[in-house]
Amino acid sequence: MRIATYNVNGVNGRLPVLLRWLETTKPDVVCLQELKAPQEKFPEKAIADAGYNAIWHGQKSWNGVAILARGMELKEVRRSLPGDDEDLHSRYIEAIINGMLVGCLYLPNGNPAPGPKLEYKLRWFERFAAHAAELLAYDVPVILAGDYNVMPTELDVYKPERWVDDALFRPEVRAAFKNIVDQGWTDAIRKLHPDETIYTFWDYFRNAYGRNAGLRIDHFLLSPHIDARLLAAGVDKDVRGWEKSSDHAPTWIEIADPEE
DNA sequence: ATGACATTCTACGAATGA
């Protein structure tokens with residue numbers, strides 16, 4: 001089974017790219033971020049025609065997350081991250097699919113830093129850490145996939161020294177990510193490719209994709225049950241080179257069927 | 001230090017992103 005995460009950067013503006021990618025790679029489960037569309041403007045019919053059931057939590061102009069499942073039922077568990085009823089950003093949605101708990105997240109960017117946006121990011125991280133710990137305690141198969149807006153290590157950024165003061169790479173942000181991993185989660189890409197330069201984002205400026213000046217910020221964190229079933233992980237890098245592409249590339253894992 | 005690019009909207013520039 002293939003599970004993918006993709007920050008689409010506008011689900012309607014990028015719909016042709018999204019549909020082409022779904023048709024080409026046929027992932028079984030897809031976590032989408034940055035829909036940039038209100039709830040009623042999600043392209044439900046086009047997604048259904050492509051063979052996918054979907055749940056989503058939209059928001060006007062910004063944010064927005066969705067989970068798609070190819071020929072499988074989605075049972076929605078929640079559509080916001082617990083811990084702050086005042087937080088109205090659509091950044092988290094969670095469903096049970098085929099016996100797995102799948103959390104789809106769009107972690108705040110945090111720039112400019114320091115400032116209130118970084119503080120919001122760090123608070124969001126604390127809430128996410130608390131929720132992740134609760135999920136681990138359930139002792140069930142869990143996948144937390146999405147745009148974490150963090151490069152975990154220097155291997156994950158084309159020019160680390162340029163990014164040390166940025167909200168995606170500041171020490172406290174990297175520490176917040178590591179704190180969650182250390183609960184007992186597996187960073188799927190890094191487990192299977194420990195020394196390889198792998199990016200999931202290239203910005204639109206200065207031919208970043210052509211120069212491979214990228215960042216690894218889209219991640220899969222796996223609970224032990226899913227970690228034991230991990231077969232492969234990678235990035236559909238060529239999609240970033242398509243016309244009208246998002247600035248992110250789809251990132252995916254393959255997992256084995258559970259043992260009976 | 002800035003801006004390069006691309007998205008969205010009771011738009012025609014501003015806010016946001018990473």
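Just so you know, these numbers use all the heavy atoms, side chains as well, and skip hydrogens, waters and symmetry mates. By convention in this document, chain letters (A, B, ...) are assigned in the order of the sequence lines, proteins followed by strands, and residues within each chain are numbered from 1.
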Inset, instruction - Verify the cluster assignment for A:Leu105 and A:Val173: are they in a single hydrophobic cluster under the rule of side-chain heavy atoms below 4.5 Å apart? - result: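 Yes; A:Val173 is reachable from A:Leu105 via cluster members.
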
Would you say [N] has OP1 or OP2 under 4.0 Å from some side-chain N or O of [X]?
| X | N | value |
| --- | --- | --- |
| A:Lys244 | B:dA6 | no |
| A:Tyr148 | B:dA18 | no |
| A:His248 | B:dA18 | yes |
| A:Asn9 | B:dT8 | no |

Inset, instruction - Examine distances only and state if a side-chain atom of A:Arg190 and a backbone atom of A:Glu196 form a donor-acceptor pair shorter than 3.5 Å. - result: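 Judged by distance alone, yes, a pair lies under 3.5 Å.
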
Legend entry - A:His225 side chain to A:Pro258 backbone, donor-acceptor under 3.5 Å: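 No, A:His225 side chain to A:Pro258 backbone: no donor-acceptor pair under 3.5 Å.
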
Inset, instruction - Working to the nearest 0.5 Å, report the span between CE of A:Met1 and CG of A:Leu231. - result: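 A:Met1 atom CE to A:Leu231 atom CG measures 11.5 Å (nearest 0.5 Å).
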
Legend entry - A:Arg240 CZ to A:Phe201 CZ distance, which is reported to the nearest 0.5 Å: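 It comes to 7.5 Å.
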
Legend entry - Contact summary for A:Trp163 and A:Phe169, nearest pair of heavy atoms: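 Where A:Trp163 meets A:Phe169 most closely, the heavy atoms are O-CB, 3.2 Å.
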
Inset, instruction - Among B:dT7, B:dC9, B:dG17, find the nucleotide with the atom closest to the side chain of A:Asn109. - result: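 Selected nucleotide (nearest to the side chain): B:dG17.
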
Legend entry - Out of B:dA4, B:dA18, B:dC9, whichever nucleotide has its closest atom nearest the side chain of A:Phe205: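 The closest nucleotide is B:dA4.
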
When you compare the side chains of [X] and [Y], does any donor N or O come within less than 3.5 Å of an acceptor on the partner?
| X | Y | value |
| --- | --- | --- |
| A:Asn9 | A:Tyr204 | yes |
| A:His248 | A:Gln33 | no |
| A:Arg216 | A:Tyr199 | no |
| A:Asn111 | A:Lys117 | no |

Rounded to whole angstroms, how far apart are [atom1] on [X] and [atom2] on [N]?
| X | N | atom1 | atom2 | answer |
| --- | --- | --- | --- | --- |
| A:Arg240 | B:dA18 | CZ | P | 13 Å |
| A:Tyr120 | B:dA18 | OH | P | 13 Å |
| A:Leu215 | B:dG17 | CG | P | 16 Å |
| A:Phe201 | B:dG17 | CZ | P | 12 Å |
| A:Asn63 | B:dG17 | CG | P | 7 Å |
| A:Lys41 | B:dT8 | NZ | P | 11 Å |
| A:Glu243 | B:dC5 | CD | P | 15 Å |
| A:Asp156 | B:dA18 | CG | P | 16 Å |

Determine the Euclidean distance between corresponding [atom1] atoms of [M] and [N]; express it in Å to zero decimal places.
| N | M | atom1 | answer |
| --- | --- | --- | --- |
| B:dA14 | B:dA4 | P | 15 Å |
| B:dA18 | B:dG13 | P | 26 Å |
| B:dA6 | B:dT2 | P | 22 Å |
| B:dT10 | B:dC5 | C1' | 26 Å |

Legend entry - Sugar-phosphate only, base, or nothing, as touched by A:Asn207 at under 4.0 Å among non-hydrogen atoms: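 Here A:Asn207 touches no strand at all.
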
Inset, instruction - Report which part of the nucleic acid A:Asn149 touches: base, sugar-phosphate, or nothing (heavy-atom distance under 4.0 Å, all strands). - result: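 Since only primed, P, OP1 and OP2 atoms lie under 4.0 Å of A:Asn149, the category is sugar-phosphate.
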
Legend entry - CZ/A:Arg162: more than 12 non-hydrogen atoms of other groups inside 6.0 Å: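 Atom CZ in A:Arg162 is not crowded, with 12 or fewer foreign heavy atoms closer than 6.0 Å.
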
Inset, instruction - Using a cut-off of 6.0 Å, state whether more than 12 heavy atoms not belonging to A:Asp49 lie near its atom CG. - result: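 Check passes, neighbour count above 12.
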
Legend entry - Neighbours of DNA chain B within residues 167-175 of chain A, by heavy-atom distance under 4.0 Å: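 Residues of residues 167-175 of chain A under 4.0 Å from DNA chain B: A:Leu168.
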
Legend entry - Residues within residues 12-19 of chain A bordering DNA chain B, heavy-atom distance below 4.0 Å: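 Within this stretch, A:Gly13, A:Arg14 sit under 4.0 Å of the strand.
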
Inset, instruction - Using a strict cut-off of less than 4.0 Å between a Lys/Arg side-chain nitrogen and an Asp/Glu carboxylate oxygen, indicate whether A:Arg127 and A:Asp87 qualify as a salt bridge. - result: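 Answer for the salt bridge query: yes.
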
Please produce a list of atom pairs where a protein N or O lies less than 3.5 Å from an N or O of nucleotides 14-16 of chain B.
none

Legend entry - Earlier contact from the 5' end, DNA chain B, for A:His89 and A:Val11: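 It is A:Val11 whose nearest nucleotide is closer to the 5' end.
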
Legend entry - Stacking check A:Tyr204 vs B:dA6 (5.5 Å / 30 deg):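 Base of B:dA6: not stacked against A:Tyr204.
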
